[in-house]
Amino acid sequence: MYAFIKQATVREKYRVELPSVSLALIIAEFLYKFHSFTLECVAFLATWYVVSFVVSRVDRLIVSARPERDVRA
């Protein structure tokens with residue numbers, strides 16, 4: 001986690017991780033009722049990982065599909 005925070009840019013954090021953690025938190029709040037904090041925490045972190053993976057892949061597809069801007073000096 002520390003390495004991610006140090007490596008990721010602010011833009012990447014807002015574009016990928018903020019929606020991911022928000023969606024994972026909503027899913028965990030409504031669906032996970034294990035009556036065990038540890039199990040719910042592990043399930044939340046696993047959900048966050050999967051959602052973050054999907055969001056980052058979709059983000060890369062969108063960014064790569066954009067036409068390159070012609071930057072001339």
Side-chain angles (χ1 to χ4, degrees):
M1 182 62 89
Y2 177 77
F4 167 75
I5 291 172
K6 292 292 281 184
Q7 284 181 320
T9 64
V10 173
R11 179 177 226 162
E12 182 177 298
K13 289 175 191 173
Y14 281 113
R15 195 173 60 220
V16 175
E17 291 307 319
L18 189 61
S20 298
V21 74
S22 300
L23 183 58
L25 189 62
I26 291 169
I27 290 170
E29 185 65 32
F30 287 107
L31 298 181
Y32 302 152
K33 305 295 180 199
F34 301 130
H35 304 290
S36 166
F37 172 78
T38 304
L39 287 177
E40 288 185 18
C41 185
V42 169
F44 163 72
L45 292 173
T47 304
W48 184 6
Y49 180 82
V50 171
V51 171
S52 179
F53 176 79
V54 170
V55 170
S56 67
R57 295 296 176 190
V58 169
D59 183 58
R60 286 185 189 158
L61 285 173
I62 291 171
V63 168
S64 66
R66 289 183 189 162
E68 300 252 345
R69 292 183 180 174
D70 187 17
V71 180
R72 295 182 184 177

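All residue numbers in this chain count up from 1 along the given sequence. Quick caveat, the model's predicted, so the values are computed rather than measured.
- Arg15 and Val55 make their closest contact through O-CG1, 4.3 Å (heavy atoms, listed as atom of the first residue, atom of the second, distance).
- A 4.5 Å side-chain heavy-atom check between Thr47 and Tyr32 finds at least one atom pair inside the cut-off.
- Hydrophobic clustering (side-chain heavy atoms under 4.5 Å, transitive across Ile, Leu, Val, Met, Phe, Trp, Tyr) groups Leu31 together with Val51.
- Phe34 and Ile27 fall within a single hydrophobic cluster, where Ile, Leu, Val, Met, Phe, Trp and Tyr side chains are chained together by heavy-atom contacts under 4.5 Å.
- Considering CG of Leu23 and OG of Ser52, their distance stands at 11.0 Å, rounded to 0.5 Å.
- Using a 4.5 Å heavy-atom threshold, the side chains of Phe44 and Glu29 count as separate.
- Note that the CG atom of Leu25 and the CZ atom of Phe30 stand 9.5 Å from one another [nearest 0.5 Å].
- Here the closest non-hydrogen pair linking His35 and Glu40 is N-OE2, 3.5 Å.
- The 12-atom threshold is not exceeded at OH of Tyr49, counting heavy atoms of other residues, nucleotides or ligands nearer than 6.0 Å.
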